[in-house]
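Worksheet for the structure shown next.
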Amino acid sequence: NLRSHVSKVKEFIEMKTCHDAQVVIFLNKVYFDLYEKIAVIRAFMYWSTVLVITWSPTIAAIYAQKHLPIHFMPFAVDQNAFTLTKIAWMNRKYDVYFSGDKNPLKYPMRNDLTNAFNAVKDLTYFEPSVRLDHNQYLDAFANAKIVISTPGFPSKYDLIGTRHFEVLATNTTLLLCEFSPVYEQLGIIHNHTALIFSTIDQAISLARHYTKNAHDALRIVHNAHRLVVDRHTWQHRINTILSLAKNNTSIPTTSLNT
């Protein structure tokens with residue numbers, strides 16, 4: 001809430017090192033009271049430029065119309081942390097793998113989707129019942145032909161989470177993801193860097209085809225890895241922030257009073 005935000009800004013200002021900050025980076029993850037939160041930062045750190053970043057392209061677009069520049073910066077991945085053991089396509093334990101949150105408010109399709117895959121007799125579906133550590137997580141990826149991911153808060157925030165980029169980075173596992181209008185600008189393209197579905201029946205049909213066609217699947221997998229290396233590592237995101245800071249991107253005071 002706004003009161004907590006003010007308190008945190010004050011705590012930050014008490015750190016002497018912040019007095020030399022020319023740019024304040026505000027990563028916006030909660031999407032209410034945004035004008036007020038930015039105004040607080042500007043009031044307490046008036047000597048600095050405020051750079052506002054959001055994971056949500058929808059929020060960036062909405063506030064652009066209000067003349068409040070917020071920069072959309074998607075999640076990314078450390079590709080070195082997702083270098084997997086290569087297992088021959090037809091020797092993998094699982095056709096389809098999923099793990100993650102199933103909160104229907106954030107991911108409205110996930111429960112129905114995973115229940116449907118669990119009921120399909122001709123595909124081997126795996127969903128762990130406990131939280132996996134990093135090595136177990138990588139092992140599950142390496143042993144799966146396809147990993148499912150879906151956007152968070154579709155249409156409202158269109159959050160493309162880290163799972164998408166982790167799968168794309170593996171160079172061994174195929175991403176199967178629910179359609180989002182955000183994908184194209186990220187280079188996530190159906191039958192080129194991922195498999196994209198709009199209905200559960202489509203998802204199952206795609207899984208059935210590609211689990212049995214290693215050549216087609218691995219072509220997409222390799223394209224996906226190239227996409228990550230070229231555009232979606234955390235170093236790319238750091239470079240984006242440095243570029244924005246260098247260009248002295250700021251929020252006009254007039255916008256805060258709108």
Does atom NE2 (H134) have a neighbourhood of more than 12 heavy atoms from anything else shown, all under 6.0 Å?
yes

E184 atom CD, neighbour heavy-atom count above 12 within 6.0 Å:
no

Can a side-chain donor-acceptor contact be found between K145 and T173 if the only test is distance below 3.5 angstrom?
no

One pair to check against side chain to side chain donor-acceptor pair (under 3.5 Å): Y137 and E166. What are the steps and the verdict?
CA-CA 11 Å; Y137 187 57; E166 291 166 358; 2.6 Å; yes

Do H190 and Y183 have side-chain N/O donor and acceptor atoms under 3.5 Å apart?
no

Flag for N223-T193: side-chain donor and acceptor within less than 3.5 Å:
no

Might you point out which heavy atoms bring A203 and L113 nearest each other, and give the distance in Å?
CB-CD1, 3.9 Å

Side chains of R237 and H232: any donor to acceptor distance under 3.5 Å?
yes

Residue pair R219 / N191, side-chain donor-acceptor N/O under 3.5 Å
yes

Output for pair (T150 OG1, L159 CG), nearest 0.5 Å, gives 11.0 Å

List the steps, then state whether salt bridge (charged side-chain N to carboxylate O under 4.0 Å, His left out) holds for D101 with K106.
CA-CA 9 Å; D101 187 5; K106 186 174 183 180; 5.2 Å; no

Evaluate the criterion salt bridge (charged side-chain N to carboxylate O under 4.0 Å, His left out) for residue pair E127 and K102; output intermediate values, then yes/no.
CA-CA 12 Å; E127 181 179 335; K102 289 188 180 181; 2.7 Å; yes

Taking the six-membered ring for Trp, is the centroid-to-centroid distance between F165 and F75 below 6.0 Å?
no

